[in-house]
Visitor: 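Attaching a single structure in structure tokens format; questions to follow.
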There are 2 protein chains.
Amino acid sequence: MDVEQTKIPQATAKRLPLYYRFLNNLHSQGKLRVSSKELSEAVKVDSATIRRDFSYFGALGKKGYGYNVEYLLSFFRKTLDQDETTEVALIGVGNLGTAFLNYNFTKNNNTRIQIAFDADHSRVGTEVGGVKVEHVDDLEDKIGRVSVAILTVPSAAAQGMAERLVEAGVTAILNFTPARITVPSHVRVHHIDLAIELQALVYFLKHYPLEEAVEEE
Amino acid sequence: MDVEQTKIPQATAKRLPLYYRFLNNLHSQGKLRVSSKELSEAVKVDSATIRRDFSYFGALGKKGYGYNVEYLLSFFRKTLDQDETTEVALIGVGNLGTAFLNYNFTKNNNTRIQIAFDADHSRVGTEVGGVKVEHVDDLEDKIGRVSVAILTVPSAAAQGMAERLVEAGVTAILNFTPARITVPSHVRVHHIDLAIELQALVYFLKHYPLEEAVEEE
DNA sequence: CTCACTATGTGAAACATTTAACGACTTATG
DNA sequence: CATAAGTCGTTAAATGTTTCACATAGTGAG
Ligand SMILES: NC(=O)c1ccc[n+]([C@@H]2O[C@H](COP(=O)([O-])OP(=O)(O)OC[C@H]3O[C@@H](n4cnc5c(N)ncnc54)[C@H](O)[C@@H]3O)[C@@H](O)[C@H]2O)c1
Ligand SMILES: NC(=O)c1ccc[n+]([C@@H]2O[C@H](COP(=O)([O-])OP(=O)(O)OC[C@H]3O[C@@H](n4cnc5c(N)ncnc54)[C@H](O)[C@@H]3O)[C@@H](O)[C@H]2O)c1
């Protein structure tokens, strides 16, 4: 597959899975076509932004008509590699890790948590969400060719585990710990820092007032 | 408090809680000063960006010296309103909701989940993470003056619950459901869409190659 | 077949964010 | 005290993203 499309802005790339999901919804509702304006209302992204995003992939729509849902969907399916499942490992079967294992990411989605590890012997051997929990000591033996990992260990263990994961061949980490981990430059890390998201929301609430609340009449 | 600081870029505002957390770490390690360069390595944000961010608040540092950790920390404590606790409601005590209730957001943080609601009678009355679970029918009665809500209900229930929350006075929602909810313009919604984050990570992995992995010698 | 309408795709402008570069001041050192 | 080294705060440039606005082309009703 041509890796030459590196021109697509990152902001656009982050919206693709969102478009894909809503297109799927429309498709299963039996809708045959959709305009950028309709899609805009559903995903809360400006319609011009949607058209711009789509245009990076060429002319996907028809003037005066809109987009054919089926065509667009199959285009994105290819673009997002929805036909091949990406296997994911999860490290740390605690509160968050358990929630993720119980959640079926594969519903609308090409990713599946294939294997889980924990350091707590009492968890090892149990099955959570259909995935057997392995001991973290066996990580190198059992992780196989999985290249994506979700990290939900205590923050003190994050850096150490990241290093082991990288050593074992992982090249993408979704890090839910508050630790900012250091990895070699060929490894991609996305941080999802829930405490910060909550604090930031509160900060915006207090310092960036939106339009005045309208009392009902 | 002056709401006139609306000049601070949103990108900066989102980083403030991160700075605050690391400053706290440094402080408890007994560090007295820190340079933008050191901080940069810890939080993985370019040092020029850090200096620029800080400069929106005036001259917090000393040339040739860096920043005084204690001073900076107390400045951010005020700025982020860390002295008053913000009360938060959680709607939907399922997998994710339970994880959040069990997590102590207050550790380093001015937010606390104060009250939780669920529709499932078998959960109501139980206590999760020290928070009693109320029935969602009592939401309007019991939510009080809480203005921030975390939404972890099934996506089909998201829009309806959002409307009830807004009606009950909530003005900020952290939405973990895949549904893109519609709210009045005075309500702030932040979406955290975990399935999309995972898909986006996979997309970047495949289409935005980083530097070539170096085989060990 | 005609024509009013609709909605795309995009050039250009507006806006937002990051990064580079450096003068100015501080501290440390001999 | 003079000088070297360090680090901020900021101006300006570079980069990235969103939005506007409209020519254009295809649609669909009559
Ligand atoms: N739960 C939340 O709502 C929440 C919110 C924000 C951030 N976080 C962060 O997410 C991470 C996980 O949170 P949690 O609430 O699930 O914690 P948790 O303590 O419930 O789970 C951590 C799990 O990791 C396991 N573990 C410990 N060391 C390990 C290692 N070296 N290798 C593999 N497994 C190991 C533990 O046995 C445990 O099962 C933490 O870093 C936490 O700060 C969680
Ligand atoms: N668990 C995950 O890892 C994960 C990942 C991505 C997205 N999500 C999304 O987060 C949301 C919650 O996920 P989950 O795994 O915790 O689901 P869940 O089914 O475990 O929990 C949902 C809870 O909400 C309760 N509920 C249902 N209707 C309600 C209502 N009207 N009012 C109050 N409570 C109600 C249910 O009784 C249940 O306890 C879902 O929208 C899901 O799509 C979850």
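Predicted model, so just to flag it, every value in this text is computed and none were measured. Labels below follow one simple rule: chain letters A, B, ... track the order of the sequence lines, proteins then strands, and each chain is numbered from 1.
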Visitor: Select one nucleotide: of D:dG9, C:dG9, C:dT19, the one nearest the side-chain heavy atoms of B:S55.
Guide: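 Nearest to the side chain of B:S55 among the choices is D:dG9.
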
Visitor: Can B:I173 and B:I181 be said to form a side chain to side chain contact (heavy atoms under 4.5 Å, CB included), step by step?
Guide: CA-CA 10 Å; B:I173 297 176; B:I181 61 185; 4.3 Å; yes

Visitor: Any base atoms under 4.0 Å from B:F54, or only sugar-phosphate, or nothing? Heavy atoms, all strands.
Guide: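 Nothing, no nucleic acid heavy atom in range.
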
Visitor: So, does A:R15 get its side chain near the phosphate of D:dT18, meaning an N or O under 4.0 Å from OP1 or OP2?
Guide: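 Yes, such a contact exists.
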
Visitor: One pair to check against side chain to side chain contact (heavy atoms under 4.5 Å, CB included): A:V45 and A:L39. What are the steps and the verdict?
Guide: CA-CA 8 Å; A:V45 171; A:L39 205 48; over 6 Å; no

Visitor: With a 4.0 Å limit, can you tell me whether A:R51 has a side-chain N or O closer than that to the phosphate oxygens OP1/OP2 of C:dG11?
Guide: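 For C:dG11, OP1/OP2 do not have a side-chain N/O of A:R51 under 4.0 Å.
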
Visitor: By nearest nucleotide on DNA chain D, pick out whichever of A:D53 and A:Y65 is the more 5' one.
Guide: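 The residue mapped nearer the 5' terminus is A:D53.
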
Visitor: Please report the distance, rounded to the nearest Å, between CG in B:L39 and C1' in D:dC8.
Guide: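 Taking atom C1' of D:dC8 as the reference, CG of B:L39 is at 14 Å.
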
Visitor: Name the closest nucleotide to the A:R52 side chain, picking from C:dA28, C:dT8, C:dG11.
Guide: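 The nucleotide sitting nearest to the side chain is C:dG11.
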
Visitor: Separation of B:N68 atom CG from D:dC8 atom P, in whole Å?
Guide: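 Interatomic distance, CG of B:N68 to P of D:dC8: 13 Å.
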
Visitor: Within this structure, what is the OH-to-P distance between A:Y71 and C:dT8, rounded to whole angstrom?
Guide: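 Those two atoms, OH and P, are 15 Å apart.
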
Visitor: Is it the case that the ring center of A:H190 lies less than 6.0 angstrom away from the ring center of B:F204?
Guide: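 Ring-ring flag for B:F204/A:H190: true, centres closer than 6.0 Å.
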
Visitor: Taking the six-membered ring for Trp and the single ring otherwise, decide whether the centroids of A:F76 and A:F54 are under 6.0 Å apart.
Guide: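 Yes, ring centres under 6.0 Å apart.
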
Visitor: Assign B:T49 to base, sugar-phosphate, or nothing according to its heavy-atom contacts below 4.0 angstrom with the strands shown.
Guide: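 B:T49: base contact, heavy atoms under 4.0 Å.
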
Visitor: To the nearest Å, give me how far apart CG (A:D46) and P (C:dA7) are.
Guide: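 For the pair A:D46 CG and C:dA7 P, the rounded distance is 16 Å.
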
Visitor: Within the structure, does a side-chain N or O atom of B:S36 lie under 4.0 Å from either OP1 or OP2 of D:dT7?
Guide: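 For D:dT7, neither OP1 nor OP2 has a side-chain N or O of B:S36 closer than 4.0 Å.
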
Visitor: Quick one: B:I50 CD1 to D:dC8 P, roughly how many Å, whole number?
Guide: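 Nearest whole value for this atom pair: 9 Å.
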
Visitor: Nearest to the side chain of B:R33, heavy atoms from C-beta on, is which of C:dA28, C:dT17, D:dT19?
Guide: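 Nearest nucleotide to the side chain: C:dA28.
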
Visitor: Whole angstrom is fine here: how far is it from NZ in A:K62 over to C1' in D:dT24?
Guide: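 Rounding to the nearest Å, NZ of A:K62 and C1' of D:dT24 are 16 Å apart.
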
Visitor: Could you state the atom-to-atom distance from NZ of B:K63 to P of C:dA28 in whole Å?
Guide: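 The distance from NZ of B:K63 to P of C:dA28 comes to 18 Å, rounded to the nearest Å.
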
Visitor: Would you say A:Y67 places a side-chain N or O within less than 4.0 Å of OP1 or OP2 belonging to C:dT6?
Guide: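 Checking A:Y67 against C:dT6: no side-chain N or O falls below 4.0 Å of OP1 or OP2.
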
Visitor: Any idea which heavy atoms bring A:A89 and A:I143 closest together, and the distance?
Guide: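 The pair with the smallest heavy-atom distance is CB-CD1, 4.2 Å.
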
Visitor: In whole Å, I'd like the distance from the NZ atom of B:K7 to the P atom of C:dT17.
Guide: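 Whole-Å distance recorded here is 15 Å.
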
